Every structure is written in structure tokens, then in C-alpha cells.
Amino acid sequence: VERAVASGRGSLLSGWLGGRPTTGDEVPTFEGLYHSHRLAMVRLAILLVDDQASAEDVVQDAFAGLHARWSRLSDPARALAYLRTSVVNGSRSSLRRRRTARRYVPAHEPPAEPADVDLLLAEEQRELLAAVRALPERQRQVVVLRYWSDLTEAEIADTLGVSRGTVKSTASRALDSLHTRLEGSR
Amino acid sequence: VKDLESSLRRALSARADLVTGTALRPASPPRPARRRIPVPVLPGLAVAAAVLAVVVALTAGSAGPDGRDWVLLPSLDPLAGGTAVSAAGWVGTVPQGWSAVVVDDVDPETSTACLSSADGSCRVALSRTTSDPWDGRGPTADLSRGRSYECAGRSSTPRTLVPSGRRGYLVTSACTIEGAPAELVRLVVPQYGLTAAAFRRPDDPAAAELVTALLERLDVAPGVPRVELEELTCDELPELCPGRTPRPSPFPTS
């Protein structure tokens, strides 16, 4: 729990927006949200889009969109959920854009992952992350939201706009797929 | 399954935790300018009008003809470590070592951030795309984060709203954008304690217009020369005031 709070992960663990326990009457601010959750959102995005530049752009888009809608938010306490959904959707758009770009101009691909990223990860972790990257997009989103963001099935369903049953079955298929892939590589 | 889940948590955390900072990256070293044309003398009134319009839009948050606002949240400090937000979609943290941040939406599809250092130099530090979809043409990929980008392109239309009673002081300086000469014009709005600045690109007649704007607090860049040239009021530039006939853009358009 402490680890999740420290990293800004998890909507239920980190209080309303700022990674602080809520007192029930605090009003979230855009600035507070930005400072408290930007890094966590970039980390979430990088697990979905792989490279940091794209992840930062996705998060910028999400914050900009939230800023534009801030005054119209009916429930500011849901701003974090809104932001998380924006990041997931933005990551999906980023991947789609990248696929389109690759079709036309290969040289315009985003920069590859720095070599030191691989060096800093254990071999087992590299293998597992490669398997996660190979998952279909929806499965990958569910895996990241479940095992990194520590969201409940209901929260994942809310974020992705699907039913809880879909989340459950998607997660199950993802785990099966990962298991099969990892077994096959050994 | 439990082992796999535990491994997943560890692997995802390990990867995510490698992202330890997300401050803006400085631009790559500027490329040599393809051509250099001497900086012409500023057409004082024309530049003043455009700069004044820009700063008014910045401080008042008024929407331009295209409906986009220039917004810098007053509660967010644009100094190093602070946060800046542009209506075009740029949100960023000003890196240490830079005294100010420039945010601009010079093109409907791009948002450009420029940084100004304490010694008076300025450079484009970041640009990004904001629109979707990408049509497979143009230098979109070159506008990705962390790459240099010339402050050129379709300029924001000079704003025409100048609230009565606001005053400014024009000062000039010079800087380069991607190695090419550019002019930096500052306008101080005393009652707000803000300075706006605008760049123009005299080496490209089609783009020799205000292409970006800078908002910074006063006295954050002590090394920047400030030469007061002119004090402007709404009465001195009535054509820029609300309800008056807007002055045509003083800059050539392509």
C-alpha cells in the first residue's frame, strides 16, 4: 500500500488527487493533480506505448484536455479517473498513429528505447515485458491497469468503458497468453 | 498463476520506475542556418500593436479569431520547476536552468514551446503535435518532443482586444532561432507584473510575423537587456481597442 501511494498509483489508495488521505472536504485543483500525478501517469503511459517521449505527449494531451474541461467537471473528485481514461485512450491513439506512420515513412518512427533500459531490467523482466508488449491492445491495457495501477475490476471497467465481465475474461485470456508465450520460450 | 501475477507486478514496476523525471528536455544543438539575412529595423508601431495584442490575449485569456485561447494559468508559476499550460495542448514543467517558457500554437496542428535563458538567448525547446489524424505528409515526426523546431509557420493572428487602461513598455533584444536571427520584443504590463515577448523571423518574409509569445514574471532574467522604447495605451492605438475597427495585420501573409 505504501509503495502504491508513494508512486501515485491506485485511485483508492492515494486519496482524492494529491496522494494524500482525503479529509472529505478537500477540493482538488488542477495544479495539485498535475504535480501529484503527472509522473504516475507518464509511467502508466509508458507501459502502454513503450517510449517515454510518446508517453509524455500522451499525458500532456490528457492534462490539456482536462484543463479545458476543468470548469465543467460535475464531480472534480473524478478528475483522476477521467485523466486515467484519457491517458489510456491517448496511448491507443498514439499506437495507431505510429502504425500509420510506419506504413508511410519508416524514418519517422519514434526513437528506440535507450539501451540502458534493457540493462537495468533483469532478463526475466525483459522477457515478460516483451510478452506484455505482444499482447493485443485491450489485454495489455487490462494487464497494466490491474497489475501496475492496482485498479479493481470495477475501476478498470470504468476506465476502459467495458463491463466487469469483459475485464475479467480479458485478464484471464491475457494471463493464459502470457503463460503460453513464456512457456514456449523456455 | 500467482507466480505469474507477482512477476508481472515486479516487471511492470521495474519498467515504470525507470521513469524518474519528466522535465522538458533541452533542444538538440541548433543546426546552422540555411541563410542569414540581416535583421531589419523593427517597424515599431506594427510590432507594438501585435505584441500588445498578444500580451492582452495572454493576460486576458481572450479567444482569438480561431476560437483558441492563449492561457497561462495564473496560479501556475512559469519559472523553473513551475508549470505552464497552453490552450493548444502544451503542458510542461520548465526545466532548471531556464528562466521562462514560451508557449504558442503557431499552427493548428502543432504547439511549440520555446525557452528563454537568463542570458537573453532563446531557443525552441520542444514542439509537439496536437491533432489527429496524421495524414502521412509533412514533417510531423520532426515535431516530436525533444527535437529542435523552427518557430515558423502560420502565425497566430494578432489579437485585437486591448482593454482600456493597460499599458506596456516595448523593449527589444535579439536572439536566434535555430541559428537564424530573430527579433525579440518584450512588453511589460505593469499592473500584472508580466512581460510578454514575441519573436519574428526576418529571414523569411512569409513568416516574418509574430510566431510565438513568451510570458514570464518580471525580473526573472536579470541578464536580459531591457530598453524601454515606447509606452503604449489604448488611446495611442485606438484601432486595437474593443469596438474599434481592427487594424490590418502589419505582417505579410502568404
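Side chains are part of it too, since the values below use all heavy atoms of this structure and drop only hydrogens, waters and symmetry mates. No experiment lies behind these values; they were computed from the predicted model shown. Every chain is numbered from 1, with letters handed out A, B, ... down the list of sequences.
The distance from atom CG of L12(B) to atom CZ of R43(A), rounded to the nearest 0.5 Å, is 13.0 Å. With rounding to the nearest 0.5 angstrom, the CZ atom of R15(B) is 12.5 Å from the CZ atom of R126(A). Atom CG of L129(A) sits about 8.5 Å away from atom CG of L8(B), to the nearest 0.5 Å. Distance CG/L128(A) to CZ/R10(B): 9.5 Å, rounded to 0.5 Å.
Between S7(B) and E124(A), the closest heavy-atom pair is OG-OE2, 3.4 Å. When every heavy atom of W148(A) is checked against every heavy atom of A16(B), the shortest pair comes out as NE1-CB, 3.4 Å.
Contacts between V143(A) and chain B at a heavy-atom distance below 4.5 Å involve backbone atoms as well as side-chain atoms. When heavy atoms are compared at a cutoff of 4.5 Å, L175(A) approaches chain B by way of both its backbone and its side chain.
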Do E5(B) and Y147(A) pass the side-chain contact (heavy atoms from CB on, under 4.5 Å) test, and can you show the C-alpha distance, the side-chain angles, and the key distance before you say yes or no? CA-CA 7 Å; E5(B) 289 180 323; Y147(A) 297 107; 2.7 Å; yes

